[in-house]
Amino acid sequence: IFYVDKTINDVQVEIAMQYSDVYTETIKAFANNVFNPDGGTHLTGFRAALTRVVNDYARKNGLLKEKEENLSGEDTREGLTSVILVKLPDPQFEGQTKNKLGNPEIRGYVEQVLSEHLNYYLEEHPGDARKIIGKALLAARARKAARAARDNILRKGVLDGASMPGKLADCS
């Protein structure tokens, strides 16, 4: 379980998160205790910081090789349950229903807080960090395998439709 609560320029940023064995992500975003189902700038900042911190840590500690591509945001968030709360003096919502927070400066605040404190957490808890990155690497391999299988099926489907003589077969 990771938790941070910090105030920057009259904006309170509070983030709680935990990884589990499920394959979906559950992220709830709030602004001034109002639920924002469509997220907004605070959710964007959270996602960007999480992906960057996990990739940086994995590269620095040799868990991600030089030639391997970075983990995607989806890979780093698989199995994550998180709550993001920002309290700000002048919230600007997109639309009347307050579904999405629109304050652009909030993204930077959330990124700054999460980057700094998650980095400390990963450095202080290397066992947890290895588990988190291992889960993300597994998600990346599964994503690549699924893409290869989908491409293979699509390619076979295209060749089946063409009227080729019986002697010609797809290379293996």
Side-chain angles (χ1 to χ4, degrees), residues 1-31 36-88 100-155:
I1 297 174
F2 170 81
Y3 173 78
V4 62
D5 182 3
K6 188 168 183 181
T7 303
I8 302 175
N9 296 344
D10 290 339
V11 176
Q12 180 184 356
V13 177
E14 197 171 355
I15 300 170
M17 56 188 253
Q18 179 179 7
Y19 281 91
S20 63
D21 294 334
V22 298
Y23 299 106
T24 58
E25 67 178 87
T26 305
I27 300 176
K28 303 288 184 187
F30 296 86
N36 310 118
D38 295 339
T41 53
H42 50 333
L43 182 60
T44 306
F46 172 81
R47 287 179 169 165
L50 178 69
T51 304
R52 187 178 61 250
V53 168
V54 169
N55 276 311
D56 290 350
Y57 183 87
R59 290 247 183 252
K60 191 170 74 175
N61 291 288
L63 300 170
L64 202 56
K65 306 293 182 252
E66 277 186 36
K67 294 179 182 168
E68 289 181 303
E69 64 183 43
N70 276 348
L71 297 166
S72 73
E74 286 179 9
D75 297 335
T76 60
R77 293 189 308 268
E78 185 175 290
L80 179 69
T81 301
S82 183
V83 176
I84 307 157
L85 169 67
V86 290
K87 291 183 181 175
L88 57 159
K100 193 171 187 180
L101 182 67
N103 296 53
E105 71 277 4
I106 298 302
R107 176 184 176 161
Y109 296 153
V110 172
E111 270 192 67
Q112 179 183 343
V113 168
L114 185 64
S115 293
E116 181 181 334
H117 289 83
L118 187 58
N119 242 336
Y120 291 146
Y121 179 84
L122 294 177
E123 292 294 337
E124 291 173 2
H125 302 89
D128 290 347
R130 288 188 189 284
K131 286 180 185 174
I132 291 169
I133 291 167
K135 184 166 179 62
L137 287 169
L138 184 64
R141 281 198 296 274
R143 178 177 44 85
K144 290 173 188 168
R147 183 184 310 133
R150 183 176 56 248
D151 291 346
N152 192 17
I153 289 171
L154 290 174
R155 186 172 53 84

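Index from 1, following the sequence.
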Review point. Knowing that exactly one of Asp5, Val13, Leu118, Val86 qualifies, which makes a side-chain contact (heavy atoms from CB on, under 4.5 Å) with Val113?
Key: Val13
Check your understanding: Is Ile84 close to Ile27 at the side-chain level, that is, under 4.5 Å between some pair of heavy atoms?
Key -> yes
Exercise for review: To the nearest 0.5 angstrom, please state how far the CG atom of Leu122 sits from the CG atom of Asn61.
Suggested key: 9.0 Å
Review point. With distance as the sole test, does Ser115 use its side chain to make a donor-acceptor pair with the main-chain N or O of Ala49 at under 3.5 Å?
Key: no
Check your understanding: Hey, is NZ on Lys131 packed in by over 12 heavy atoms from elsewhere, all under 6.0 Å?
Key -> no
Review point. What is the minimum heavy-atom distance between Arg107 and Ala48, and which atoms define it?
Key: NH2-CB, 3.7 Å
**Study point:** More than 12 heavy atoms from other groups under 6.0 Å of NZ on Lys100
**Key:** no
Review point. Are any of the side-chain heavy atoms of Phe46 and Met17 separated by less than 4.5 Å?
Key: yes
Review point. Do you see a donor-acceptor pair shorter than 3.5 Å between the side chains of Tyr3 and Glu14?
Key: yes
Practice item. Measure the shortest side-chain to side-chain distance between Ile15 and His117 over non-hydrogen atoms and say whether it is less than 4.5 angstrom. Key: no
Review point. Are a donor atom and an acceptor atom from the side chains of Asp128 and Tyr121 found within less than 3.5 Å of each other?
Key: yes
Practice item. Please say whether more than 12 non-hydrogen atoms of neighbouring residues, nucleotides or ligands are located less than 6.0 Å from CD in Glu68. Key: yes
Point to revise | Check: Val4 and Glu116 side chains under 4.5 Å, non-hydrogen atoms | key: no
Check your understanding: Quick one: NZ on Lys135 to CG on Leu80, what's the gap to the nearest 0.5 Å?
Key -> 10.0 Å
Revision key, fill the gap. d(Leu63 CG, Asn55 CG) to nearest 0.5 Å is 11.0 Å
Review point. Are more than 12 heavy atoms from other residues, nucleotides or ligands located less than 6.0 Å from atom CG of Asp10?
Key: no
Point to revise | Approximate separation, where rounding is to 0.5 Å, of Leu88 CG and Glu105 CD | key: 7.5 Å
Point to revise | Short N-O contact, Arg47 and Glu25, less than 4.0 angstrom | key: yes
Check your understanding: Are the side chains of Tyr57 and Glu123 in touch, meaning some heavy atoms are under 4.5 Å apart?
Key -> yes
Check your understanding: To the nearest 0.5 Å, what is the distance between CD1 (Ile132) and CG (Leu137)?
Key -> 12.0 Å
Check your understanding: Side chains of Gln12 and Thr7: does their closest heavy-atom pair fall under 4.5 Å?
Key -> yes
Revision key, fill the gap. Value for NZ (Lys60) from CG (Asn119), rounded to nearest 0.5 Å, stands at 6.0 Å
Study note, to complete from the structure: Taking every heavy atom of Thr41 against every heavy atom of Pro104, the minimum-distance pair comes out as CG2-CA, 4.1 Å
